[in-house]
Amino acid sequence: MSDATLHARTAPAPRFRSATGESPAARLALIAIATGGLALLVGAPLAAVFAEALVQGWGAAVASLASRDAQSAIRLTLLITAIAVPLNAVFGIAAAWFITKFDFRAKAFLITLIDLPFSVSPVVAGLCIVLLFGANSALGGWLVASGYPIVFAVPGIVLATVFVTFPFVARELIPVMIEQGRAEEEAALTLGASGWRVFRTVTLPNIRWALLYGTLLCTARAMGEFGAVAVVSGKIRGQTATMPITIEMFYNEYLSVAAFSMAALLTGFALLTLLLKTALELRHADALSATRRH
């Protein structure tokens with residue numbers, strides 16, 4: 001055996017650096033950048049909102065939320081959310097079922113339409129609703145004459161909110177239902193189960209966590225929607241002013257404590273939704289993993 005061969009066999013194996021490994025300094029730098037960015041873009045604004053709301057004490061903040069305009073805005077926001085979220089849950093389930101359980105040529109186009117609210121400005125969506133259902137249109141004029149106005153009324157706000165929040169439930173359900181396939185439903189149908197029973201006993205249990213996840217996202221978006229609602233509501237104080245619109249009104253009228261108190265309450269609703277979403281992700285990560293693969 002030659003000296004070169006002996007040296008090659010006895011020499012220590014070279015140490016290779018992992019393709020994804022970083023030095024401790026690099027890791028600390030990345031953590032610092034991420035933490036600093038979150039603190040600057042998320043933490044600081046949230047802290048400022050709550051600080052401004054309590055600048056005159058808890059009493060002033062609570063009193064501002066107890067005003068007639070504030071109470072009307074809170075009730076309207078909760079009402080719109082209570083109507084829009086169940087509608088979108090039903091629409092999302094129907095759309096996901098149709099897309100994943102049937103084969104047809106226009107499937108890709110239908111998925112694109114579902115994603116349309118993500119790319120269209122909410123203000124544009126509100127203008128479209130005004131053009132279709134406003135008093136100057138044929139349908140809108142007939143509805144106004146019949147005593148059922150859409151624009152500058154609660155139905156218009158519901159339509160705008162449903163449009164903006166429509167994709168959230170459907171886009172959470174579609175990947176899960178594609179991942180699960182059709183074998184279980186087909187087996188249940190072969191055994192004689194009705195369509196409704198198949199959905200209730202097979203499909204719904206398999207998608208329940210993704211459905212709840214999408215519903216939470218839809219709820220958070222519905223409560224905070226401003227652009228489309230601002231166009232179709234007319235910003236009528238005490239009638240069509242939701243919480244985001246009322247915040248703008250209070251701020252423009254230099255009622256800073258009232259504006260920031262309302263903003264803090266709306267932020268609290270959003271944080272509660274976020275906590276529920278996080279708890280759902282931690283507890284049912286396996287059931288939700290399909291949504292992360294697509």
Side-chain angles (χ1 to χ4, degrees), residues 73-100 106-144 146 148-175 177 210-236 239-248 266 269-270 273 277 291:
I74 294 171
R75 287 194 300 268
L76 180 60
T77 299
L78 295 178
L79 173 64
I80 297 302
T81 303
I83 296 174
V85 172
L87 286 177
N88 273 338
V90 174
F91 295 159
I93 293 173
W97 177 278
F98 183 63
I99 289 172
T100 58
K107 180 180 292 188
F109 177 72
L110 181 58
I111 294 176
T112 301
L113 287 181
I114 292 175
D115 291 337
L116 188 64
F118 284 145
S119 58
V120 174
S121 171
V123 175
V124 175
L127 288 175
C128 292
I129 294 174
V130 172
L131 290 175
L132 289 174
F133 300 103
N136 293 328
S137 66
L139 178 59
W142 177 77
L143 289 172
V144 171
S146 302
Y148 301 101
I150 302 296
V151 178
F152 305 151
V154 172
I157 303 176
V158 172
L159 281 177
T161 305
V162 168
F163 176 85
V164 171
T165 59
F166 175 76
F168 288 97
V169 175
R171 291 304 297 176
E172 291 297 326
L173 293 180
I174 289 174
M177 296 177 74
L211 176 61
L212 181 57
Y213 186 87
T215 300
L216 289 174
L217 294 177
C218 182
T219 301
R221 185 71 174 85
M223 288 190 296
E225 173 53 31
F226 178 84
V229 172
V231 174
V232 302
S233 67
K235 300 181 180 180
I236 304 174
Q239 298 182 29
T240 62
T242 59
M243 291 178 69
I245 293 175
T246 303
I247 292 170
E248 183 198 33
L266 189 59
F269 288 155
T273 305
K277 181 180 76 70
T291 62

Nearest-0.5 Å distance, CZ of residue F166 to CG of residue N88: 7.0 Å
Worked verdict on L159 versus V232 for side-chain contact (heavy atoms from CB on, under 4.5 Å): CA-CA 9 Å; L159 281 177; V232 302; over 6 Å; no
side-chain contact (heavy atoms from CB on, under 4.5 Å) partners for L217, two or more places apart: F168, E172, Y213, K277
I157 to T240 - nearest heavy-atom pair and separation: CD1-O, 3.6 Å
I99 CD1 to I174 CD1 distance, which is reported to the nearest 0.5 Å: 4.0 Å
Minimum heavy-atom distance between T246 and A73, given as atom pair plus value: OG1-CB, 3.1 Å
Test side-chain contact (heavy atoms from CB on, under 4.5 Å) applied to E225 and I80, step by step: CA-CA 11 Å; E225 173 53 31; I80 297 302; over 6 Å; no
Contacts of type side-chain contact (heavy atoms from CB on, under 4.5 Å), residue Q239, not counting sequence neighbours: I236
Closest non-hydrogen atom pair between T81 and P86, with its separation: O-CD, 3.9 Å
Contact summary for T165 and A222, nearest pair of heavy atoms: CG2-N, 3.7 Å
Intermediate values then yes/no, side-chain contact (heavy atoms from CB on, under 4.5 Å), I247 and F226: CA-CA 10 Å; I247 292 170; F226 178 84; over 6 Å; no
Nearest heavy-atom neighbours spanning V229 and A160: N-CB, 4.4 Å
Exam field: side chain T77 to backbone M243, donor-acceptor pair closer than 3.5 Å: yes
Side chains of residues 113-136: which donor-acceptor pairs under 3.5 Å do they make with residues two or more places apart or in other chains?
from, atom 1, to, atom 2, distance (Å)
D115, OD1, R171, NE, 3.4
S119, OG, L116, O, 3.0
S121, OG, V123, N, 3.3

Verdict with reasoning, T242 to S233, per side-chain contact (heavy atoms from CB on, under 4.5 Å): CA-CA 9 Å; T242 59; S233 67; over 6 Å; no
